[in-house]
Structures are given as structure tokens and as C-alpha cells.
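Below: one structure, written as C-alpha cells.
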Amino acid sequence: MATVTPLDQQRFLVDPAEPRSDALRRELEKLEPRSQRTFTPSGAVIASSSGSYHYTSEGRKLADFTSGVLVANLGHHPTRWWDRVNAYMGLVFQPTCDRYLKATPLTAYNAITEVEVEASRRLIASLRSQPGGARLEQILWAASGSEAVQKGLKAAIARRPDADVILATRHGFHGKKGLAGAVTGSETDEERDPRVRFLSFPMAECISIYRRREPIDLTAYREELNAAYATDGRRICALITEPYLGGGGSYHPQVEYLQLLEQFCREHDILFILDEVQSNFGRTGGMYAYSTYGVEPDVVILGKGMANGMPVDAVAGRRDVLENLGYGDASDTWSAHPLGCAAVLATLDEFETSDVLEHAAQLAIVIEAGLTRLMRLKSILAVRGEGTVWGVHCGSTADRSPAQVAAEIVKRCYLGDEQGRAIHLLGPLAGCVIRIAPPLTMDLEEALEYLDAMYEIVAEIN
Ligand SMILES: Cc1ncc(COP(=O)(O)O)c(C=O)c1O
């Protein structure tokens, strides 16, 4: 039985000024087990969302510094995006028939829809149009990031009957289910899958720096890789890593480290799998993280922002890898769902025909300047990130532990400052790192204003 942690005893914020939200929080606690959600101290009850803002049940406006959980990269409910989703679904209002609309079916299980074929074609074209995308030849759809990781690893294991060992970089987050859970975290976690070996990730080298800004000595990492090969050799089928540690606390390594991992894979015919569930669709600055890191993955895991909030994930990879699974080995009720495929197409349209990446580059400058200012405060140890994905690493104060500081920041930002400027944040990563990842489309002036508000709020926490 799982142990009860102090986190399990935490309760959502109670605010007498929010009677409706409070009532809903209490009701939810009765109706759903706490395992349903990752704990977010604010327990924000969101009635509606638009652009870069959420609105609570009391009508209070919150700037969204999370994009959901890095999903609404284009903001919440962009009108043109929804129009496109509907158009790709072929939604037709039939004036002569009042019972049924006509549209693409809401199933992909026992039929092939045109929208699925088009989404696969367009996604492959997008991936391959970027530097480093040459190996990505097929799409295997999934309905969650964990599932996509699991499918990618299953295909890798199936490639060579004698090779079932997976190398994974330590403290990564790839999901909670099955093989995705097995490659998450480190060997000290319980119930380890005996096929997984962990490798060091350069956390110490990037604890207080931003990506690429300081050289890294790769000697120890190279030796560790060689030792892994000396132990398991041809039994190693794949190496999986993230462009940066996301759930592990926003550690963004120097690209040379990722290039070393890829080079090792090339030397030994090991598949290099890059989990881009968080980073894809513009988060780190390029359309995909690999497109700016000088690596060429054999398999890329996609998710979150790829459909701007619709639940779609996918594995993109070499044909000779993904074809190792037979009919049904990776199928399920929802994967390649037409609505998801329509959303992927609408999202690709938006990235390909608008200036979203250029705007994101401007926003990245604003965020970096706004957040690095926080390092002047006693309660903040470090600020790390790139593009529009950042982590604010909290330290301790006289009265609070780092985790308490982080929880306090989330709560106080939710309640807002005297001018009514309030911010929606995720529950801290790795206990004490606050994720900052607003929609790529957030207005620059507004970002500046809310970063200022955040600075004022954090400055009051001692
Ligand atoms: C890098 C990465 N991979 C995989 C996952 C798992 O995705 P899901 O929660 O959709 O299963 C996540 C989720 O945060 C992630 O950040």
C-alpha cells in the first residue's frame, strides 16, 4: 500500500471570498479520490478561459503562467483555431435535419478517416522540415504522453529479440504508467523494472545556469556510458532522455551533453529517443527542441502543446523501428481520434502561417528578464529555463522550508496583489520549483505586468 505523505494531508486553499469555488472544492474532495490530480495548493476553480487568462467561478481574472500544463501554447480557445478544428472535422449543420449534425465520426478504431491520414502526413512533413528531423518517417498515435512513451519503448524492444535493456537519464519524468513509469525517476525508487539502467543527468552543472551558457566537462558522462556498454553491450536497445528535465525540476543541460548521448547511440546501434512531450510545438524556441540542439533522434515522443489542449500524443520515428509492432500491438480506443487529429492540423496551421514563434522569441526575452530579477530575493535560489519554459527554484526562509515557500507563492499569486493582478501557477515541480510557461501568444506588455506582480508578491514572503 502506498504511504501517506505530508502532501496527501494538504488541503486546497479556503477563501471566504470565494464561496462558490470553496463549495466546489469541498464537493470534489468527496466525489473524487485525491489521486485524480497532482496537488496544486491554490485548488483554482476555473469557470472559463480565453487567450492567456482563466476566470474563476467568482469571475476573478488569473493570468495563466502554465498554459494548462504546457498544452495551450496558442492560448485558450483561439477563435481561428476552433474554426479550423471544426472545418477539419467537416462539421456541417444540416438545416433539413434537426437531430444529427454531419461530421467526421468520433472514432478511429475500426475505420480510417481522412483527417487522420492528413494529420499524419502534415505532422511528418513538419517534423522532417526541421534540422534533425530526417529520421522521423512514421507517426504512432497515442492518447497520453505515458502511453506514447510506452509505445515507443515497446517498438524499440521489439526491434532486436536479444535487446531489452533501456538506458534512461536519471530524475527524468516520462509518465506514471507501465514502461513510462519505469524510465521515470531513478533506481532508488520502488518497484524498479529490471530492464532499466539509469545514467547521470548534469543537474549539478546546470543548477544555477541557463542552457548553453557555460562549458561542460563530459568526461565522467562519457565514462559512464562506456561502462554501461561494457556491462550490457548489445542487450541495450534504446536510450531515452528529455531535452531538459521538466517534471524533475527544470534543469536545462548544455546541448553537448545531449549530443554525447546521441553519439554514443550511433556508435552502438542504440535508438536515441527524445521525449519532447513538454518541449514540442515551440516551447524551447524552435518548433521542436531537437531542431535547435544539433541532435537527430530516431524516435521523438510528442504531446501536450501539439494539439493546443486536445488530448493527443504521438510517437514519431523511424519506419524500421515502429514497424516492429504488429496489428493491434499499439492500438486502443482513442489513439488517432479524429477530433485530436483535427486539432493537430489546426495547431500546425497556426504555427506555419502566423508569427507565433517570432512572438514567442520576444516573450522569452521578457520572461527571462522578469524572472531573473527574482533571484535578488532571499527566498529564490535559482531561475532556470529557455524559450518560454522556466523554473523558479525556491530556497528556505527564516520561517519556511523551500516546499513551503513554493506553496506560499502559488497561493499568494492566485489570490493576487492589491491591484487585483492574480496569477495561475502549477503545483511545484520536484517539491520546490515553480514552473513558468505561459501561452506563447501572451501579450508582451501583459507578461511584463504580471511578472512585476509576481515579483512584488514573492518579495513579501520571508
Ligand atoms: C516529458 C514528459 N513525458 C511524458 C509525460 C507524460 O505525459 P502524460 O501525463 O500525458 O501521461 C510528461 C507529463 O508531464 C512529460 O512532461
Side-chain angles (χ1 to χ4, degrees), residues 35-40 66-73 140-154 156 166 168-186 196 198 201 203 211 238-253 258 261 272-284 288-290 293 295 297 299-317 330 332 334-337 340 343-344 384-391 425-431 433-437:
S35 60
Q36 172 70 57
R37 45 187 31 78
T38 300
F39 184 71
T40 302
T66 74
S67 308
V69 52
L70 302 103
V71 294
N73 288 9
L140 174 56
W141 296 97
S144 74
S146 317
E147 201 185 275
V149 170
Q150 165 117 320
K151 289 182 181 183
L153 290 173
K154 247 180 113 177
I166 303 162
T169 49
R170 207 170 276 129
H171 306 306
F173 184 78
H174 300 284
K176 295 173 188 161
K177 297 162 206 118
L179 272 177
V183 292
T184 286
S186 76
V196 179
F198 287 95
F201 191 93
M203 288 171 81
R211 176 186 283 280
L239 184 160
I240 183 165
T241 191
E242 290 169 89
Y244 56 86
L245 292 190
S250 208
Y251 290 86
H252 300 247
L258 296 170
L261 298 182
F272 180 54
I273 305 182
L274 194 61
D275 182 348
E276 289 228 26
V277 166
Q278 281 209 3
S279 55
N280 62 188
F281 281 65
R283 233 346 120 183
T284 59
Y288 306 97
Y290 68 76
Y293 290 3
V295 292
V299 172
V300 173
I301 313 295
L302 305 166
K304 293 197 192 286
M306 74 183 298
N308 209 51
M310 290 286 186
V312 190
D313 296 75
V315 188
D332 45 71
W334 301 122
S335 295
H337 192 277
V344 169
R384 298 182 290 268
E386 60 189 307
T388 53
V389 55
W390 288 76
L425 295 167
L426 287 164
L429 310 170
V433 179
I434 307 233
R435 166 61 80 230
I436 305 293

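Start at 1 with the first residue, then count along the sequence. Only heavy atoms go into these numbers, but all of them, side chains included; no hydrogens, no water, no symmetry mates. In listed order, ligands and their atoms are each counted from 1.
E242 has its side chain out of reach of L274: every pair of non-hydrogen atoms, C-beta onward, lies at least 4.5 Å apart. Using a 4.5 Å cut-off on side-chain heavy atoms (C-beta onward), T40 and L425 make no contact. A 4.5 Å side-chain heavy-atom check between P243 and E386 finds every atom pair outside the cut-off. Using a 4.5 Å cut-off on side-chain heavy atoms (C-beta onward), T241 and I273 make no contact.
Around ligand 1 you find S144, G145, S146, F173, H174, G175, E242, D275, V277, Q278, K304, each with a heavy-atom distance below 4.0 Å.
With 3.5 Å as the limit, one finds a donor-acceptor pair spanning the side chains of S250 and R435.
Under the 30°/60° scheme for interplanar angles, the aromatic rings of F281 and Y288 are found to stand perpendicular.
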